[in-house]
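Shown next, in structure tokens, is the structure this report addresses.
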Amino acid sequence: MKRRVVITGLGCVTALGTGVEDVWKRILAGESGISEITMFDTSAFKVHFGGEVKSDVWTTEGYIDHRETKRVDRFTQFGLTASADAVKDSGLDFEKEDAYRCGAIIGSGIGGLNEIEEQERRLILKGPDRVSAFTIPKLMLNAAAGHISIRFGLRGPNYAVATACTSAANAMGDAFKSIQYDDADVMVTGGTEAALTPIGLSGFANMKALSTRNDAPAAASRPFDAGRDGFVLSEGAGILVFEELEHAKARGAKIYGEVLGYGSSADAGHITQPDAEGTGAARAMSAALRDAQVEPSAIDYINAHGTSTPLGDKAETTAVKRVFEDHAKVVNVSSTKSQLGHLLGASGGVEMIFSLLALRDQVCPPTINLDTPDPACDLNYTPNSPQEREVKCVMKNSFGFGGHNASLVAGAVR
Amino acid sequence: MASILERVTDIVSEQLGVDKDKITPETSFVNDLGADSLDTVELVMELEEEFDVNIPDDAAEKIQTVGQAVDFIEKNGSSS
């Protein structure tokens, strides 16, 4: 028999801040974290704004010492700070746990892009002998997973997942299974990303994937709105502590909810464009429902992938209708990317946190900037204000370049 | 202008995250400051950069303390 998995700790780093409760209040209040990019000069770029984690909302101080900070890329710094908050929130003391029963599976779409760019500059300007000895251990995509295991002494399952914007969702799916199938009792999981860099910004912009609403950054991420023109590139981390139910109960842990099901699939179509019919996305959702053994009508809230791209939001809408049929009109859907932009491989982690808080607080967070609904997007997207309602069961969707689709279902512990 | 010792101390302090007042010529990078092999490579690179000096691998292996680094730079460095 599969073991039951609950969530006992949450931690995040976002453009709206770092404390989960504070960020949640801002999400419900409909605040936007999107603003002018200050980390580098964007004057020559098509896009001048993003979901930058600015130093007034986040520093490594108190989390990572000076020496370690130099040895890890920004995406690992985000991952370490969010993990520290999640572990603290869980109340777990890993020194009292069997280290081999505790692990970490961390998603990232791109890994250490800052480090790649910095060392490439050194290579060109100063030559190969000046490329840092830390280059590889900083840029490697599994660096966050490795450093998190080192920080907390976790010797159980430990690896990174790279499926672009589905990374965190796939990581959480794997963490869920690790505990279900008795490979571990506690898993630190989620995603982290820091690709708001010159190459990240220009690369995504030149794909025409990004919104170019430079005159109104806070209005740029507008999932499901007729005026949407692309996603907003953001950075940060969303980390959760997954724990076996009896293990959590035995130590009297606070429980946010239970992970009930996970499903994944591939479009097997185009490397970046979503399947217009949402066939693969629908499959991930229905597989997650099947795994959870819940009917579609049991889902009260869907935290959509909803990136604010013209094709993606429409395809997801089609997929939701395909799976939920009549219930599609009833279920609350929203995209919290409207407030935070797209954290790529970290998005699923941060958004899973909001899905659990919706469950806890019985309120669905809004999709902001939804002023003129697109006729092709005709669900209840919880426009512009949060909606209080009974929330017993939630779904989190994530889709990524490569054609990866993943859905998770969570509910209150029964 | 700062002495070679002061400049080496600055680099070691920055690179290994230790207070300058804890660094003396006798301070060993590995034994006292816990430097690992990557730190050592990085440190040598920073010294080469700062003093515009080439530190070959066999020489780098013999530089284990702050004082040994200063000696090498005094003997091999340019006037900068």
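Residue numbers begin at 1 in each chain, while the letters A, B, ... track the order of the sequences.
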message = Counting only non-hydrogen atoms closer than 4.5 Å, does B:Asn54 touch chain A with its backbone (N, CA, C, O), its side chain (CB onward), both, or neither?
response = neither
A:Phe40, CZ atom: more than 12 neighbouring heavy atoms under 6.0 Å = yes
query = Taking all atoms of both residues into account, what is the closest heavy-atom pair of B:Asp36 and A:Arg71, and its distance?
reply = OD2-NH2, 2.6 Å
ask   = Which atom names give the shortest non-hydrogen contact between A:Ser132 and B:Glu42, and what distance separates them?
value = OG-OE2, 2.8 Å
key: From CD (B:Glu46) to CZ (A:Arg130), nearest 0.5 Å   = 8.5 Å
query = Is chain A contacted by the side chain of B:Leu33, its backbone, both, or neither, given a heavy-atom distance below 4.5 Å?
reply = backbone
inquiry  = Restricting to non-hydrogen atoms, name the atom on B:Glu14 and the atom on A:Lys70 that form the minimum distance, rounded to 0.1 Å.
reply    = OE2-NZ, 3.3 Å
task = Please tell me if the side chains of A:Phe134 and B:Asp39 come closer than 4.5 Å, counting only heavy atoms from C-beta onward.
result = yes
ask   = Take atom NZ in A:Lys88; do more than 12 heavy atoms of anything else shown fall under 6.0 Å from it?
value = no
remark   = Correct closest heavy-atom pair for A:Pro137 and B:Leu38 would be CG-CD1, 4.0 Å
message = I'd like to know which of B:Val41, B:Val18, B:Leu16 tops the heavy-atom pair count under 4.5 Å against chain A.
response = B:Leu16
inquiry  = For A:Asp93, I'd like to know if atom CG has over 12 heavy atoms of other residues, nucleotides or ligands within 6.0 Å.
reply    = yes
message = In the structure I gave you, are the side-chain heavy atoms of A:His66 and B:Gln15 within less than 4.5 Å of one another anywhere?
response = no
query = Considering residues, nucleotides and ligands other than A:Arg122, do more than 12 of their heavy atoms fall under 6.0 Å from its CZ?
reply = yes
